[in-house]
Amino acid sequence: IGDHLIIYDESSFNIIEITSINTSSHTAVFVPPAGVNSPAGLAKAYDPATAVITRVSVTSMTVDKSDTAHPKLIKFKGSNVLGSIAYDIENLQVLIHFEDGDTASIADTTDGDTTNDPMDLDAVEVTVTARSSRADTERNQEGDHFWRQEFTSMVAPRNLIY
């Protein structure tokens, strides 16, 4: 359904995908994290006095180039397409900035050190390349007569958990 739970306490955290919500029993069915086989096991993994559970809606974006004349930026919630956000978008790049100054395209908890882990994420840099909707014969950028512009924004969300 595209929603996730973020559960964390003073020592650890998990991001858990919700597969369905039972409205009559007010419970969430979810994919448990590695090493946890049941909701009861998940509850025992955290200190109840300091544990926080937050439900978040995860959306993602990608460039759809199926129409080469007008590539578009589309938005997803889970595997459901929510629609087009912008037309004539050729590229979308994301670069993660970490507390220690490192940058990477993904957070990595398996790299053998404590840097570039999800808990160290500080900000996200997003770069989008847009182009004109029509070719301009007076212009020959990239050899195809389209005008292009790159937009970059640094996003540092408040209350960043990971």
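Along the sequence shown, the residues carry numbers beginning at 1. Quick caveat: nothing in here was measured; it's all calculated off a predicted structure.
Residues satisfying the side chain to side chain donor-acceptor pair (under 3.5 Å) test with Asp100, not counting sequence neighbours, are none. Scanning for side chain to side chain donor-acceptor pair (under 3.5 Å) contacts around Asp102 gives an empty result, with sequence neighbours left out. Residues satisfying the side chain to side chain donor-acceptor pair (under 3.5 Å) test with Glu150, not counting sequence neighbours, are none. Every residue two or more places apart in sequence or in another chain was checked for a side chain to side chain donor-acceptor pair (under 3.5 Å) with Thr137, and none qualifies. Legend: residues meeting side-chain contact (heavy atoms from CB on, under 4.5 Å) with Ser25, ordered by chain and number and at least two apart, are Asn22, Thr27.
Nearest heavy-atom pair across Arg131 and Thr68 is NH2-O, 3.3 Å. The minimum heavy-atom distance between Arg148 and Asp144, with the atom names listed, is NH2-OD2, 2.6 Å. Here the shortest heavy-atom pairing between Phe151 and Ala130 reads CE1-CB, 4.0 Å. The two residues Glu99 and Asp122 come nearest to each other via the heavy atoms N-CB, 3.9 Å.
Remark: side-chain polar atoms of Ser84 are not paired, donor with acceptor, to backbone N or O of Ala86 under 3.5 angstrom.
Hydrophobic clustering of Ile, Leu, Val, Met, Phe, Trp and Tyr side chains at less than 4.5 Å, counting indirect connections, keeps Leu121 apart from Val155. Hydrophobic cluster membership differs between Tyr87 and Leu92, with clusters built from Ile, Leu, Val, Met, Phe, Trp and Tyr side chains linked at under 4.5 angstrom. Under the 4.5 Å side-chain contact rule for hydrophobic residues, Phe98 and Val94 share a cluster. If you chain together hydrophobic residues whose side chains sit under 4.5 Å apart, Val126 and Val63 fall into the same group.
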Residues 69-76 side chain polar contacts: donor-acceptor under 3.5 Å, at least two apart:
| from | atom 1 | to | atom 2 | distance (Å) |
| --- | --- | --- | --- | --- |
| His70 | ND1 | Asp88 | OD1 | 2.8 |

Give the C-alpha distance, both sets of side-chain angles, the deciding distance and a yes or no for side-chain contact (heavy atoms from CB on, under 4.5 Å) between Ile89 and Val128.
CA-CA 7 Å; Ile89 302 297; Val128 176; 3.6 Å; yes
Intermediate values then yes/no, side-chain contact (heavy atoms from CB on, under 4.5 Å), Glu125 and Thr152:
CA-CA 7 Å; Glu125 183 177 330; Thr152 300; 3.6 Å; yes
Verdict with supporting geometry, Met61 and Ile85, side-chain contact (heavy atoms from CB on, under 4.5 Å):
CA-CA 9 Å; Met61 290 179 253; Ile85 297 173; 3.4 Å; yes
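Once rounded to the nearest 0.5 Å, the distance linking NE2 of His145 with CZ of Arg134 reads 14.5 Å.
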